[in-house]
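Note: hydrogens, waters and symmetry copies are ignored here, and every other heavy atom, side chains too, is used.
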Amino acid sequence: MIPAAPVPAALHDRTQRSFASDNYSGIHPEVLTALAAANEGHQVAYGEDQYTARLQEVMEQHFGEGISIYPVFNGTGANVLSLQSILPRWGAVICPQTAHINVDENAAPERVGGIKLLTVPTPDGKLTPELIDREAWGWGDQHRAQPLAVSITQTTELGTLYSVAEIKAIADHCHARGMRVHMDGARLANAAAALGQPLRAFTRDAGVDILSFGGTKNGLMFGECVVVLDQEASTGLDYLRKLNMQLASKMRFVSAQLIALLEGDLWLRSASHANAMAARLTEGVRGIKGVTLTQETTANAVFAILPPGSADRIRESFRFYDWDQATGEVRWMCSFDTTEDDVDAFIEAIRREVSA
């Protein structure tokens, strides 16, 4: 029996709160408990463990039978793998200009995945069939990367939300043109909570072919999952995951976290709470003179424009990111562990500094 080690002192201020990213939050206690339970004894490596087998069953409860799952380390890995598996070497993916794969993944789709991105400007981060058609052309032209997939994000990078009908319209439009549909679901749970719909309703049933399912932003330590919803759409993931350095040797620790999230209602409880805190923040700043909300708050993100200089003053108390420095637009994110007191203190800081 290995003796228990002394508990180390924390290196950070545990009272510090942030509205910069839902990645700033810690690990949900229920997920930590699940990790501890999975830690005893030995399990077969590289995904042949009982936890990954159970995760397949849990995912089927949400998305139906006939799916395949591929736990990975992170969201960028999930996105690149998903797109690689549905595209030939000459394929291109249509996405919004604001898409995470275009803005925040440091050219990983291009350099690691070898994928051409065809970007489309959007007012709210959402694609439509009409916007897709701006780049959905040139099939058979050897001089043009072939547009064979579309990637949408739910919820979007601007915090906006696709309805079930909007996703189905996109999927039907793409499939009619021989294109596949990928969904970046880094905040999929927040979308489900906002829509009041089960996960399957706006993914598989709406025509999405392959999904990057997010967990890190909803209380996991690390780990996401590629979910193949249409087996005919994807090929080679068994090899691509290893090729792209996303095959965890101790995969049980990714799978155990996702089981803890999805086997019960933790995923929905946590996402619903984060959404509610964003709604509270939105209502709290709506009446502050000088604060202009720029997007409808549908999930756990709030976008606003602040007067010049006020953002840096507010950041002396609460960290958050600029979204567009040219306009003064900022982004505020709420997490599963954001409290009402956190929100109210942040609102007061905004009120104080904007009025200064």
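- When side chains are defined from C-beta on, Phe213 does not count as touching Thr203, because their heavy atoms never get closer than 4.5 Å.
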Please test Tyr70 against Val227 for side chain to side chain contact (heavy atoms under 4.5 Å, CB included), starting from the C-alpha separation and ending with a verdict. CA-CA 6 Å; Tyr70 295 85; Val227 186; over 6 Å; no

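- When side chains are defined from C-beta on, Arg144 counts as touching Leu118, because their heavy atoms get closer than 4.5 Å.
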Candidate pair Leu258 and Val58, rule side chain to side chain contact (heavy atoms under 4.5 Å, CB included), full reasoning: CA-CA 9 Å; Leu258 288 164; Val58 170; over 6 Å; no

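- Checked against Pro71 for a side chain to side chain contact (heavy atoms under 4.5 Å, CB included), the options Gln257, Glu224, Arg241 give a single hit: Arg241.
- Atom-to-atom distance recorded for Ile67:CD1 and His62:NE2 is 10.0 Å, nearest 0.5 angstrom.
- Ion pairing between Lys168 and Asp205 fails under the 4.0 Å rule for side-chain N and carboxylate O.
- Using modelled atom types and a 3.5 Å distance limit, the side chains of Asn190 and Asn218 yield no donor-acceptor pair.
- Side-chain contact annotation: Thr294 with Glu329, donor-acceptor N/O pair under 3.5 Å present.
- Remark: the backbone N or O of Gly91 is not paired with any side-chain donor or acceptor of Gln146 at under 3.5 angstrom.
- Note that the CD atom of Gln231 and the OG atom of Ser68 stand 3.5 Å from one another [nearest 0.5 Å].
- Ring to ring, Phe346 and Phe19 are close: their centroids are under 6.0 angstrom apart.
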Step-by-step salt bridge (charged side-chain N to carboxylate O under 4.0 Å, His left out) determination, Glu48 to Arg252: CA-CA 9 Å; Glu48 295 183 50; Arg252 61 170 151 159; over 6 Å; no

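- Pairs passing the salt bridge (charged side-chain N to carboxylate O under 4.0 Å, His left out) check and including a residue from residues 72-99, sequence neighbours excluded, do not occur.
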Would Asp22 and Arg187 count as a salt bridge (charged side-chain N to carboxylate O under 4.0 Å, His left out) here? Give the steps. CA-CA 10 Å; Asp22 33 11; Arg187 297 185 176 95; 2.8 Å; yes

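- Using modelled atom types and a 3.5 Å distance limit, the side chains of Glu296 and Thr160 yield no donor-acceptor pair.
- Looking at Thr15 and Asp13, their side chains do bring a donor and an acceptor atom within 3.5 Å of each other.
- With sequence neighbours excluded, the residues that form a ring-ring contact (aromatic ring centres under 6.0 Å, His included) with Phe336 are His28.
- In plain terms, the two heavy atoms of Gly26 and Asp337 that are nearest each other are N-OD2, 3.9 Å.
- What you find for Ala248 and Val254 is that their closest heavy atoms are CB-CG2, 4.5 Å.
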Salt bridge (charged side-chain N to carboxylate O under 4.0 Å, His left out) evaluation trace for Asp230 with Arg180: CA-CA 10 Å; Asp230 182 348; Arg180 293 296 187 176; 3.2 Å; yes

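- More than 12 heavy atoms of other shown residues, nucleotides or ligands fall within 6.0 angstrom of atom CZ in Phe222.
- Taking both residues in full, the closest heavy atoms of Val31 and Leu266 are given as CG2-CD2, 4.0 Å, listed atom of the first, atom of the second, then distance.
- Between Glu30 and Arg269 there is a salt bridge, since at least one side-chain N of the basic residue sits less than 4.0 Å from a carboxylate O of the acidic one.
- Taking each heavy atom of Val164 and Phe202 in turn, the nearest pair found is CG2-CB, 3.9 Å.
- In plain terms, the two heavy atoms of His182 and Ser82 that are nearest each other are CD2-CB, 3.5 Å.
- For residues 57-68, the salt bridge (charged side-chain N to carboxylate O under 4.0 Å, His left out) pairs, not counting sequence neighbours, are Arg54-Glu57.
- A donor-acceptor contact closer than 3.5 angstrom is absent between the side chains of Tyr24 and Arg17.
- Looking at Cys174 and Ile132, their side chains come closer than 4.5 Å, going by heavy atoms from C-beta outward.
- A search for side chain to side chain donor-acceptor pair (under 3.5 Å) contacts involving His173 returns Asp133, Arg177, not counting sequence neighbours.
- In this structure, the side chains of Trp323 and Leu158 come closer than 4.5 Å at one or more pairs of heavy atoms.
- Proximity of a side-chain donor or acceptor of Thr52 to a complementary backbone N or O of Asp49 within less than 3.5 Å is not detected.
- For the 3.5 Å distance criterion, the side chains of Asn102 and Thr119 fail to qualify, holding no donor opposite an acceptor.
- With hydrogens and angles left out, the side-chain atoms of Asp342 and Thr339 include a donor and acceptor closer than 3.5 Å.
- No side-chain donor-acceptor contact under 3.5 Å links His100 and Thr153.
- The shortest distance between side-chain heavy atoms of Tyr162 and Leu195 does not fall below 4.5 Å.
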Carefully, step by step, assess Glu110 and Lys116 under the rule salt bridge (charged side-chain N to carboxylate O under 4.0 Å, His left out). CA-CA 6 Å; Glu110 296 95 335; Lys116 173 70 173 177; over 6 Å; no

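- If you check the side chains of Glu105 and Asn79, you find a donor sitting under 3.5 Å from an acceptor.
- Here the closest non-hydrogen pair linking Gln84 and Asn244 is OE1-ND2, 2.6 Å.
- Take Phe63 and apply the ring-ring contact (aromatic ring centres under 6.0 Å, His included) test, not counting sequence neighbours, and it matches no residue.
- Using a 4.5 Å heavy-atom threshold, the side chains of Gln295 and Asp124 count as touching.
- Shown here are the side-chain contact (heavy atoms from CB on, under 4.5 Å) partners of Ala311, two or more places apart in sequence or in another chain: Leu306, Arg315, Phe320, Asp322, Val330.
- By the 4.5 Å heavy-atom criterion applied to side chains, Ile210 and Val226 are counted as neighbours.
- The closest side-chain heavy-atom distance from Trp137 to Pro147 is not below 4.5 Å.
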